[in-house]
Number of protein chains: 6
Amino acid sequence: MALNQNFRIGRKALLLLLNEEDKKQHERLADAGWCYCTGKVGSMEAHKVVAAVETAAKNNQIINKELYREGHALYHAIIEALQGVTRGQVQIGSVLRTVGLSFSVVRGSPYENSAEGEWIAVSLYGTIGAPVKGAEHETIGLGINHI
Amino acid sequence: MALNQNFRIGRKALLLLLNEEDKKQHERLADAGWCYCTGKVGSMEAHKVVAAVETAAKNNQIINKELYREGHALYHAIIEALQGVTRGQVQIGSVLRTVGLSFSVVRGSPYENSAEGEWIAVSLYGTIGAPVKGAEHETIGLGINHI
Amino acid sequence: MALNQNFRIGRKALLLLLNEEDKKQHERLADAGWCYCTGKVGSMEAHKVVAAVETAAKNNQIINKELYREGHALYHAIIEALQGVTRGQVQIGSVLRTVGLSFSVVRGSPYENSAEGEWIAVSLYGTIGAPVKGAEHETIGLGINHI
Amino acid sequence: MALNQNFRIGRKALLLLLNEEDKKQHERLADAGWCYCTGKVGSMEAHKVVAAVETAAKNNQIINKELYREGHALYHAIIEALQGVTRGQVQIGSVLRTVGLSFSVVRGSPYENSAEGEWIAVSLYGTIGAPVKGAEHETIGLGINHI
Amino acid sequence: MALNQNFRIGRKALLLLLNEEDKKQHERLADAGWCYCTGKVGSMEAHKVVAAVETAAKNNQIINKELYREGHALYHAIIEALQGVTRGQVQIGSVLRTVGLSFSVVRGSPYENSAEGEWIAVSLYGTIGAPVKGAEHETIGLGINHI
Amino acid sequence: MALNQNFRIGRKALLLLLNEEDKKQHERLADAGWCYCTGKVGSMEAHKVVAAVETAAKNNQIINKELYREGHALYHAIIEALQGVTRGQVQIGSVLRTVGLSFSVVRGSPYENSAEGEWIAVSLYGTIGAPVKGAEHETIGLGINHI
Ligand SMILES: [Mg+2]
Ligand SMILES: [Mg+2]
Ligand SMILES: [Mg+2]
Ligand SMILES: [Mg+2]
Ligand SMILES: [Mg+2]
Ligand SMILES: [Mg+2]
């Protein structure tokens, strides 16, 4: 069941956000036959963050939009990532804060045993804070699910 | 109030964990006069994760162990980071899972305006899963607080 | 203090939803002198689920709408049932999901000792998922309170 | 993506617990080629409830214990079911209460489109209350996941 | 349904803790025929706080220990009060902190309409912090329930 | 690190709300050179409660509105206080309830060791309940942070 240390899906999703200048990171993912996408979303509404990630994942064929099981896997990964971002209640504007986030979604096979199949990682990184320019600090979240 | 884009404390804390091979990252932090430490902890008990990070931060003089205000700042940053790791309830063994985490603690001045003073970032990265070798996936958390 | 095994209020509330074809279930409740009502609600807003259950319970005289203590008992039972439905945060549309629920409210005396008095059970059963036809799975919740 | 109204996996998991006398329910599941198991667990420790359900599911070949992806699917379904049981924090003895639960685990294909594949439902039903005989009320939980 | 402004049960429970020198407060409660008790508990385990309050309430005849409905009302009031004390997860030592609390339990009829009957208020006030002398700040909680 | 028993910041914030008639309380705070403000807010939206407290604290110079670190300290204190008020999810109208609150914000140095510096306490006290006149009970919350 062991994770392949060269193909850690969460780490790859995170580095897509943190090392935006790193071309090699993109090549390595492509070489492995993994698919991924990145995007940005700023909002005071959690459902808009969910929608932005879902839409990007569908439009980039990371998940098959005809299959609920893939949407379900993605949805729970997004919510888990949002829990890291919001740390306590999955609420943004309703508790008077706003987020500016980059996100990545990576789909691949991170386990050495190929029977473990595909998994999906959603990573969010950016800022959270008051709806006042600059009154914010960084935040991150990662959600991982089997797909 | 703006964050200095070259000194994002959370990103630095995260890269300390994700780019462990990167010497330059350590140099840049030292050049900026920031202090930081890293460590590892594996446990089924959340309080042992808290204790491992607190002890490392105190032993490496990241915080002054004589001052409760510094311990208070660190504590809340650790708990926020743990919320990203645990995604829902800050519980590990009590819901039959275990974590193997690397952690970093970074203290520095990430805002352009020096009056914003020092902040502390706690980052956790590793795996979470069943208490069975390999039955685990990655997880991350980041907590940031003024100090 | 023991629960009367023939008059388990939660089980009865659940079977009202799950065995909708079962006439005997309704007769047994009526024979025991218990009162109950059922209804349906679909919404992306948790407060509309709360309101639908409260309104049905008041309109069917399950609770006395002039007494706050009865409304208070019912309210907490509804919120507890919603926690089973939402599993983590009592949010629906704000995290981009929707529910289609049947509900039942049962009021009766489920304990062998009559001094234990009346209790109220709220049961919710239906689907939760994306706001896309069919992209949903089942969900249930049960809240029980003394009244 | 629609749920097949004759094969609602959550409803079946719930009826396995609530209609324990109902032979037909077992036949219908067997006829559909679904697999399932039931069991009981009483504890003041949440991790023992998780372990009891996991062990039963593995011993009855509901999931393949060699594959983490199946264990992962089951684990999250159990935790979701426990959220319905505990309604707020997934804690039992640590907040001075105890549970006596029956559980069922059902694995099958509840969607009309066979490409939706297999799903797993975990249902918990029983009592929760003070560690005093009879000082308890009923509780239920349902968790559903793709597998 | 209005609260009687001279008999606000939560305020009285709080003042019992905060104005410990105030004799008149005790007289006013006695004059109204309300019953109450106070006590202290220090612990790293939430269940010991629950037990301390429950035991005091039973030993002082604030609730009838033979009736589960009274124990149920008290239990939920205690847990609600603990949520104010713990602010996020009802955990103490499991996240490496400790509490030193005074508590009060008040039972009375706070509404102008006597049909609203009796209610119970649990108030907790004290300190929470690291298990290090002085590394702590104040905390409060209030839970109110119909009984 | 010990708290000065004569200058407990949380107790003072609470008494500002509970003993509104007490002139001496105000004098004692002024004599100590502490600053504070009080106000009222009624709303079904949590973000309006946050905004009301933030605005009062800024307009009364309790915090420096040019510094994010002070706003950050205040924000987390408000959210912690709201957790006592809402007991479980920091939601008001979205779960069909409303609050009518008085609040106080106190800034001062509550520790005997002056190196512990300034802290901020936010206290909320009032009623929570259905959006129906009188269908409500009392509620309280206290959040404390270093500043
Ligand atoms: Mg997982
Ligand atoms: Mg913050
Ligand atoms: Mg209960
Ligand atoms: Mg789901
Ligand atoms: Mg209430
Ligand atoms: Mg604190």
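A, B, ... follow the sequence lines: proteins, then strands. Residue 1 opens every chain. What's counted below: heavy atoms across the whole structure, side chains too, no hydrogens, waters or symmetry copies.
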For [X] against [Y], the heavy-atom pair lying closest together:
| X | Y | result |
| --- | --- | --- |
| Ala13(A) | Ser104(A) | O-OG, 2.8 Å |
| Glu45(A) | Ser43(A) | N-OG, 2.8 Å |
| Ile63(D) | Leu74(D) | CD1-CD2, 3.7 Å |

Under 4.5 Å from any heavy atom of chain A, what part of Glu80(D) do you find: side chain, backbone, both or neither?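 Contact with chain A involves the side chain of Glu80(D) alone.
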Gap separating the CG atom of Asn64(A) from the CZ atom of Arg69(A), nearest 0.5 angstrom: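 The CZ atom of Arg69(A) is 11.5 Å from CG of Asn64(A), to the nearest 0.5 Å.
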Determine, for Arg107(A) against Glu118(A), whether the closest basic-nitrogen to carboxylate-oxygen distance falls under 4.0 angstrom.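 Yes, this pair counts.
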Could you name the residues of residues 137-147 of chain A that have a heavy atom within less than 4.5 Å of a heavy atom in chain D?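 Listed by number: Ile144(A), Asn145(A), His146(A), Ile147(A).
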For the residue pair Tyr111(D) and Tyr68(A), categorise the inter-ring angle as parallel (less than 30°), tilted (30 to 60°) or perpendicular (more than 60°).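 Rings of Tyr111(D) and Tyr68(A): perpendicular, over 60°.
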